[in-house]
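Some notes on the structure that comes next.
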There are 2 protein chains.
Amino acid sequence: MDRTARHSETRYGNRPTMKDVAARAGVGLKTVSRVVNSEPGVTPDTERRVQEAIDALGFRRNDSARVLRKGRTASIGLVLEDLADPFYGPLSRAVEEVARAHGALLINGSSAEDPEREQELVLALCARRVDGLIVIPAGDDHRYLEPEIKAGIATVFVDRPAGHVDVDMVLSDSFGGAREGVAHLIAHGHRRIGFIGDQPRIHTATERLRGYHAAMRDAGITVEDGWVSLGSTDPERVRAAAEEMLSGPEPVTALFAGNNRVTVTAVRVIAERERPVALVGFDDIELADLLGITVISQDAAAVGRTAAEHLFRRLDGADHAPARVELATTLIPRGSGELPPA
Amino acid sequence: MDRTARHSETRYGNRPTMKDVAARAGVGLKTVSRVVNSEPGVTPDTERRVQEAIDALGFRRNDSARVLRKGRTASIGLVLEDLADPFYGPLSRAVEEVARAHGALLINGSSAEDPEREQELVLALCARRVDGLIVIPAGDDHRYLEPEIKAGIATVFVDRPAGHVDVDMVLSDSFGGAREGVAHLIAHGHRRIGFIGDQPRIHTATERLRGYHAAMRDAGITVEDGWVSLGSTDPERVRAAAEEMLSGPEPVTALFAGNNRVTVTAVRVIAERERPVALVGFDDIELADLLGITVISQDAAAVGRTAAEHLFRRLDGADHAPARVELATTLIPRGSGELPPA
DNA sequence: CATCCTGTTGACAACGTTGTCCAGGGCCTA
DNA sequence: TAGGCCCTGGACAACGTTGTCAACAGGATG
């Protein structure tokens, strides 16, 4: 056995190629290609012979080679924060459905909220030459994407805006949603309202905080020290922040939770207390109806679908200026946000 | 402008190649390749020139071409039922983490519980020449995978066994878990216990039903007509089944829910009733602790991690006979399963 | 000064597919 | 029957990268 043969044996476990099929069927290489791609110009008889050879050898076209030749990978990349987060599951699924409808596969990765990892992932996807990219950014500077975008990789940012680079974006109305939620608490008689949110580095976190401040200002309420806590959504920290706000001589009577993870922890803390505490959370949660949690809901699936449709419109040739879509949120009253101050 | 040029312009939006970088830096093609891959044998001075050309042109290596040459794609495929399902999010994330540790990207797809779509997805991934495949099967005949496996695509089945093909599997102990859950209800005094599960086509569904029957038989209880319902997990159907079992002259006093979606609907139905009904569900659910739902928990992340580690061990050369791993489940008592019969 | 060695560099083929183009055979028409 | 056309099929180059190998320069050694 010579070296060449041994080498090829270790590749793809020795998969048959079109050349092998052609040899077995006694036809030319291109004829096999035609059969595999259902191109016209092949006699039924020849086609049958080729098909038999394909089945006998277990041939499957190598899309890597095809991609190289054709220049399109029929795949799109999705970089999000954490696939295990209940908000991103439906979003990802919606993107996948749209991709499937366009015959594309989905490659995804989680940045774990780490800007460096986000960049690493995005660039790996670009190296794979995905046709398009949907990014839920962790970082706030995306200039590293410039050469890629210039080179033609369609890109849509989701949930949070891109930094220093002009691309399509699909966002939820974080400011308006939070403002409405806090106003809802105020309307039910609360004046001492705490806000617990994600890290200030994250755009949605600061937008929601801005909504909180706007609602408070609208009602003529001065936000006191200690009513606002921004930081990681780690349960320990959120728990500490919530307990801090709910203790002391003048505790808050209501909490606004900046996202689903915060809400979950807040519910736990409140459940342990005797005195009832009102709560409105940003993002809906499974079973929130049973627990009677009032939320500001953003439709994750709609966000994903909208973003993916934008992306494919770009891939189909749309070349208008980058657009910014903002999706409305919905207040869903379920009880926890309608409790009066204790 | 001649035709060749126009053609190349539409590919990848005219990305620069190593050849372009080489021309600009005034070096040979292979030298660029060496720099890009940090191979030894390049003078610092040459390396600097090449690097400058790379930055100036915005070059990024085309991994499609690389893959074709090297024979490894450094990507693995994951086919599951529905990415939006809270059980699969963490599973998928765990697989991704392991893949990342091995420098591989994750391509995933949802079969939507449709065997045909599963096959279509799996074969598309094989055509991409993923190095390995993790499949949560929807169908029960996987002979279509034989040529692929023979050709060297490492494969691990998860959650449900493969049909007619000999591969590695990572399963949860559905039978044992269900048996334990039902026995738990019996230990708390129940004798009239209903079982609501997924479609009988699905292996875990029948295994759990088998566990139910085993527990009942162990306790000397005869299962009556109407206590068992298998079918889609569509909320409407589950609701109808649950209401049927809870009505009539001799209703069941406890329910065993075959999976997380069934549990959610069962909780809703039970919440609407006056008479308390005991409940144990298979699969843990977020916030189940707050709702006091007793569950049989299988650790989705552990399942995903185990499967991915198996896969990469195969990719690293392990060639023992296909193994079947069964992970234990845990009963978590939280109240709903400890209610006495009404 | 001839020789050898080492370290850097580039020419070339190959990976498996598809696009282009040409050859040959059969059929129709004049 | 010659000429033209259509239909089928195949040879060949190209996609962008990496592995192999040979060339070359410069220094050390005899």
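Numbered from 1 within each chain, the chains take letters A, B, ... in sequence-line order.
Set against D:dT17, D:dG9, C:dT17, the side chain of B:R66 has D:dT17 as its closest nucleotide. Listed candidates were C:dT18, C:dT9, D:dT8. Nearest to the side chain of A:M18 is C:dT18. In the set C:dG16, D:dT18, C:dT9, C:dT9 carries the atom at the smallest distance from any side-chain atom of B:T43.
The distance from atom NZ of B:K70 to atom P of C:dA13 is 21 Å, rounded to the nearest whole Å. Distance, A:E39 CD to D:dG9 P: 13 Å, rounded to whole Å. Look at CG on A:L68: it is 13 Å from C1' on C:dG19, rounded to the nearest Å. Rounded to an integer number of Å, the gap from B:K19 NZ to C:dG10 P is 15 Å. Rounded to whole Å, the distance from CD on B:E47 to P on C:dG7 is 17 Å. Here D:dC15 presents its P atom at 22 Å from CZ of A:R128, a figure rounded to the nearest Å.
Side-chain to base pairing of B:R129 with C:dG16: no donor and acceptor N or O lie closer than 3.5 Å to each other. Judged by distance alone with a 3.5 Å cut-off, no donor-acceptor contact links the side chain of A:R69 to the base of C:dT17.
Remark: side-chain polar atoms of A:D85 are paired, donor with acceptor, to backbone N or O of A:F87 under 3.5 angstrom. A donor-acceptor pair under 3.5 Å is absent between the side-chain atoms of B:R143 and the main chain of B:H164, judged by distance alone. A distance-only check finds no donor-acceptor pair linking the side chain of A:E148 to the backbone of A:C126 [under 3.5 Å]. The backbone N or O of A:P137 lies less than 3.5 Å from a partner atom in the side chain of A:R160, making a donor-acceptor pair.
Side-chain atoms of A:S110 and A:D82 form no donor-acceptor pair, as typed in the model, at a separation below 3.5 Å.
Taking the six-membered ring where the residue is Trp, A:H142 and A:F157 present perpendicular rings, their angle passing 60° and hence far from 30°.
Contact check, B:S33 against D:dT18: a side-chain N or O comes under 4.0 Å of OP1 or OP2. The side chain of A:S64 places no N or O atom within less than 4.0 Å of a non-bridging phosphate oxygen (OP1 or OP2) of C:dT17.
Applying the salt bridge (Lys or Arg N to Asp or Glu O under 4.0 Å) test to residues at least two apart or on different chains, none of the pairs has a partner in residues 17-38 of chain B.
Using a 4.0 Å heavy-atom cutoff across all strands shown, B:N37 reaches sugar-phosphate atoms only and no base atom. Residue-level contact check: B:R61 touches the backbone only, with heavy atoms under 4.0 Å from sugar-phosphate atoms and none from bases.
For the pair B:E309 and B:R305, the salt-bridge criterion is not met [side-chain N within less than 4.0 Å of a carboxylate O]. Using a cutoff of 4.0 Å between basic side-chain nitrogens and carboxylate oxygens, A:R100 and A:E96 are not scored as salt-bridged.
Near DNA chain C, meaning a heavy atom under 4.0 Å away, the residues from residues 24-32 of chain A are A:L29, A:K30.
Residue A:D168 forms a salt bridge (charged side-chain N to carboxylate O under 4.0 Å, His left out) with just one option from A:R313, A:R324, A:R314, and that option is A:R314.
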Base-contact (B) and sugar-phosphate-only (S) positions in nucleotides 23-28 of chain D, heavy-atom cut-off under 4.0 Å, - elsewhere: ------

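Along DNA chain C, the nucleotide nearest to A:R34 and the one nearest to A:T17 differ in position, and the one closer to the 5' end is contacted by A:T17.
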